[in-house]
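Presented below is the structure to which this report refers.
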Amino acid sequence: MQQTRLDNTFKQLGKRNSKAFVAFISAGDPDPVTSLKIMQGLPAAGADIIELGMPFTDPMADGPSIQASSQRALKAGMTLKGTLDMVRQFRTDNDETPIVLMGYYNPVYIYGVDAFIHDAKQAGVDGLIIVDLPPEEDEELCIPALNAGLNFIRLATPTTDDARLPEVLANTSGFVYYVSITGITGSASPERNVVEEAVARVKRHTDLPVAVGFGIRTAEQAGAIASVADGAVVGSALVDVIAESLDSHGRSSPETVTETLKKAQELADGVKRA
Amino acid sequence: MSKANSYTTGPDENGRFGIFGGRFVAETLMPLILDLEKAYGAARQDPAFLDQLQDLQTHYVGRPSPLYFAERLTEHYGGAKIYLKRDELNHTGSHKINNCLGQILLAKRMGKRRIIAETGAGQHGVAVATVAARFGLPCTVFMGATDIERQKPNVFRMKLLGAEIMPVTSGAGTLKDAMNEALRDWVTNVDSTFYIIGTVAGPHPYPAMVRDFQSIIGQETKQQMREREGRLPDTLCACIGGGSNAMGLFYPFLDDESVDIIGVEAGGHGIDTPEHAASLAGGKPGVLHGNRTYLLQDDDGQITEGHSISAGLDYPGIGPEHAYLKDTGRVTYVSATDQEALDAFQLCTKLEGIIPALEPSHALSHVGKIAPDLPSDHLLVMNMCGRGDKDVFSVAEHLNVDIG
């Protein structure tokens with residue numbers, strides 16, 4: 001598979017001995033226009049990779065923060081087509097920052113796998129994280145996506161033992177997303193030394209970069225985790241800032257973009273100190 | 001789809017029934033599901049496990065449940081000879097206990113220390129709380145806040161049995177949302193917890209496992225019919241939400257070509273309205289809760305809420321094996337509306353002295369549609385999968401009766 005924006009980003013970071021800050025937002029949260037502004041501001045706020053959530057009614061691996069974020073986006077009329085449009089608009093003035101779409105399989109399945117891969121690639125998407133597609137279901141989307149030159153980023157978890165890791169890593173590319181806890185997004189915070197061991201374990205099986213996510217809320221935690229991995233992913237803490245910035249009708253306020261990017265900058269600084 | 005040599009060979013090693021089923025779960029759960037598959041595979045071959053299950057079925061549940069000739073309903077409709085498979089007489093009042101016993105024995109065998117479950121009408125929740133009490137395991141039941149409101153008697157029963165009830169307010173607060181929340185709990189407590197799924201859905205091996213535990217309904221029916229009438233029944237009819245009682249009745253008959261098999265979905269206010277829970281009639285294939293099946297959803301692949309008068313049927317999906325049996329044409333799927341179910345509920349109560357749950361009332365309403373045109377030697381079996389005690393309050397409300 002040829003080099004992607006993800007490969008280049010990790011290579012550049014590696015040269016500077018720096019870690020990746022991966023920022024998650026849900027596409028269309030709290031509305032498509034504001035969401036695009038946040039997305040456009042993320043690289044300048046220090047995000048090395050943008051993970052863009054594809055909103056879904058039933059996000060089974062997500063905690064209350066990202067559930068609510070997904071619901072706000074859907075309520076504001078976001079669709080998978082709208083998510084791809086957002087990527088397209090972002091790409092008109094940013095050709096460097098890697099974009100990874102994260103979500104659940106059903107909207108992609110209904111969009112049509114071939115059409116989705118084609119449109120995602122054309123819009124400027126670099127990789128996919130589909131929570132409910134384990135290696136056992138690789139034929140569905142992973143293999144066709146890899147063939148089309150999209151990275152397929154797999155989640156490895158504390159329950160993925162050494163016997164299973166090779167299978168999980170086999171068709172993974174771009175980076176490995178290590179889920180630091182057994183649980184849903186935005187819940188318990190991971191412990192640094194536990195994560196360190198886990199990352200070392202994953203790295204015994206792969207040369208791919210390992211980014212760690214789930215439960216990272218503060219700049220300090222992001223720094224601590226990034227210091228023992230190749231990157232830190234933050235989602236719930238960012239979308240919580242979006243939620244807090246909304247007016248009493250649930251609409252975006254003048255602070256929505258600025259506060260969210262301020263939080264992103266803090267987290268990025270934490271990661272860069274690592 | 002071409003005709004299968006046998007309809008009972010599924011699922012394949014990937015948990016597929018044709019294109020349906022599968023294992024669409026987060027990686028955290030995947031190793032668990034593989035473990036469960038292994039443990040279940042071993043248990044079902046272990047005579048000690050099967051003996052214990054059978055002993056409990058006989059002495060705790062009260063099986064076999066009778067196959068009852070419904071003389072007055074037969075007379076009323078003036079056609080087919082109507083039999084009711086009386087699974088509402090089981091301990092806890094529905095077929096749900098058949099599956100719960102199997103799964104809790106498996107949980108014990110796997111050394112699990114905590115039980116979780118989702119419930120809609122509360123029938124599955126009550127059955128889970130019952131077996132958890134019987135085997136001394138702590139139990140948490142996730143139930144939609146809307147369902148808690150309309151199924152108060154069952155909520156209290158579960159509490160009496162020692163279960164912790166977790167109200168779920170996300171989404172419409174019904175069965176789908178309860179299942180999401182149970183999956184979230186499971187992912188958080190993987191080591192200690194066994195998830196007793198109540199229907200023939202979820203990731204492999206659940207659809208096959210739940211079907212196997214429920215198949216005792218069909219096996220008994222086959223034998224009882226042979227004893228009563230000396231032959232196979234001509235038609236089977238059962239209601240479908242997720243589809244476990246129906247799968248249990250249908251499965252042992254799938255390769256008996258002479259047997260006509262009918263599943264009845266919840267038509268709500270009518271399948272030409274948005275207010276129904278008939279996934280096969282009004283949905284299309286998609287992926288939710290670990291499996292590919294027919295789902296109620298919009299053009300963007302967002303899941304829509306089912307509606308039914310019966311809390312046990314308003315799930316926007318259906319077991320993947322039913323999806324397969326629909327596409328192969330082996331089983332005919334129809335629907336009955338809320339009103340039709342209410343009418344059948346009252347008719348059965350008055351004519352047979354049996355208060356059915358609203359769920360099988362859907363099946364009975366379909367029996368009423370076909371029985372009059374069938375000959376008097378036509379043997380029709382309907383699965384009376386639950387009793388209606390839990391529904392009397394909500395039925396009173398629908399009939400505008402104040403029972404205080």
Side-chain angles (χ1 to χ4, degrees), chain A residues 54-64 67-68 70-71 74 77-83 103-112 116 129-137 139-141 154-161 163-165 167-168 177-179 181-185 187-188 214, chain B residues 13-16 19 21-35 37 168-172 176-177 179-193 202-204 283-293 295-305 316-317:
Chain A
M54 300 180 278
F56 182 47
T57 39
D58 294 79
M60 284 154 297
D62 285 301
Q67 285 177 46
S70 207
Q71 287 302 325
L74 290 173
M78 201 35 134
T79 59
L80 184 48
K81 189 178 166 298
T83 302
Y104 297 80
Y105 185 40
N106 196 55
V108 172
Y109 180 70
I110 293 303
Y111 193 99
F116 172 76
I129 300 175
I130 308 294
V131 177
D132 51 355
L133 284 180
E136 281 73 6
E137 304 292 350
E139 301 293 323
E140 295 282 336
L141 177 64
R154 193 91 67 189
L155 304 176
T157 71
T159 60
T160 316
D161 63 16
R164 184 171 164 80
L165 258 175
E167 195 184 340
V168 168
Y177 186 140
Y178 185 73
V179 176
I181 49 152
T182 55
I184 51 179
T185 54
S187 48
F214 280 45
Chain B
E13 69 275 17
N14 297 314
R16 297 293 181 94
I19 67 160
R23 287 179 285 217
F24 297 90
V25 296
E27 173 60 23
T28 313
L29 292 180
M30 198 60 219
L32 248 88
I33 284 169
L34 294 172
D35 268 1
E37 187 183 348
V168 177
T169 51
S170 59
K176 161 179 91 90
D177 312 295
M179 197 150 179
N180 287 335
E181 220 42 51
L183 284 164
R184 290 183 185 118
D185 181 293
W186 200 25
V187 113
T188 309
N189 301 293
V190 274
D191 287 334
S192 63
T193 299
H204 178 63
K284 57 184 174 182
V287 173
L288 180 73
H289 294 156
N291 63 121
R292 172 160 35 225
T293 187
L295 298 172
L296 298 177
Q297 54 185 323
D298 67 15
D299 293 340
D300 189 42
Q302 306 298 337
I303 310 303
T304 54
E305 301 290 342

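Computed from a predicted structure; not experimentally measured.
Counting heavy-atom neighbours within 6.0 Å of A:K81 NZ, excluding the residue itself, gives a total of 12 or less.
Interface remark: B:I303 contributes backbone and side-chain atoms alike to the contact with chain A (heavy atom separation under 4.5 Å). For A:I130, no part lies near chain B; criterion is any non-hydrogen pair under 4.5 Å. Proximity to chain B (any heavy atom under 4.5 Å) is shown, for A:F56, by both the backbone and the side chain. Neither the backbone nor the side chain of A:Q71 comes within contact range of chain B; no heavy atoms are under 4.5 Å apart. No part of A:V108 comes within reach of chain B, as not one of its non-hydrogen atoms sits under 4.5 angstrom from that chain. Heavy atoms of B:N189 lying under 4.5 Å from chain A are absent altogether. Using a 4.5 Å cut-off between heavy atoms, B:T304 makes no contact with chain A at all. Neither the backbone nor the side chain of A:M54 has a heavy atom closer than 4.5 Å to any heavy atom of chain B. Contacts of B:P203 with chain A are absent, with no heavy-atom separation under 4.5 Å from either backbone or side chain. If you measure heavy-atom distances from A:P55 to chain B, the contacts under 4.5 Å come from the backbone alone.
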- List the steps and the verdict of side chain to side chain donor-acceptor pair (under 3.5 Å) for A:T185 and A:D62. CA-CA 5 Å; A:T185 54; A:D62 285 301; 2.7 Å; yes

- Derivation and outcome, salt bridge (charged side-chain N to carboxylate O under 4.0 Å, His left out), residues B:R23 and A:E137: CA-CA 7 Å; B:R23 287 179 285 217; A:E137 304 292 350; 5.0 Å; no

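A pairwise comparison of heavy atoms in A:R164 and B:P31 identifies CD-CG, 3.8 Å as the closest pair. When every heavy atom of A:Y109 is checked against every heavy atom of B:R292, the shortest pair comes out as CE1-NH1, 3.0 Å. The heavy-atom pair separating A:I129 from A:Y177 by the smallest distance is CD1-CD1, 3.7 Å. Closest approach of A:P107 and B:Q302 over heavy atoms only: CG-NE2, 4.3 Å. Taking all atoms of both residues into account, the shortest heavy-atom contact from B:E181 to B:S170 is OE1-OG, 4.2 Å. When every heavy atom of B:T28 is checked against every heavy atom of A:T157, the shortest pair comes out as OG1-CG2, 3.2 Å.
A:Y105 and B:F24 have parallel rings, their planes meeting at less than 30° on a 0 to 90° scale where 60° marks the start of perpendicular.
Ranked by non-hydrogen atom pairs under 4.5 Å with chain A, the options B:D298, B:L288, B:D191, B:D177 are led by B:L288. Annotation: maximal heavy-atom pairing with chain B below 4.5 Å, among A:V168, A:V179, A:T160, A:L133, occurs at A:T160. Most heavy-atom pairs under 4.5 Å with chain A, from the set B:G286, B:G301, B:A26: that is B:G301. Interface check for chain B: of the options A:D161, A:I184, A:L80, A:T182, the most heavy-atom pairs under 4.5 Å are formed by A:T182. Among B:N14, B:V25, B:L295, B:D185, the residue with the largest count of heavy-atom pairs under 4.5 Å with chain A is B:V25. For the options A:A61, A:P134, A:A68, heavy-atom pairs under 4.5 Å to chain B are most numerous at A:P134.
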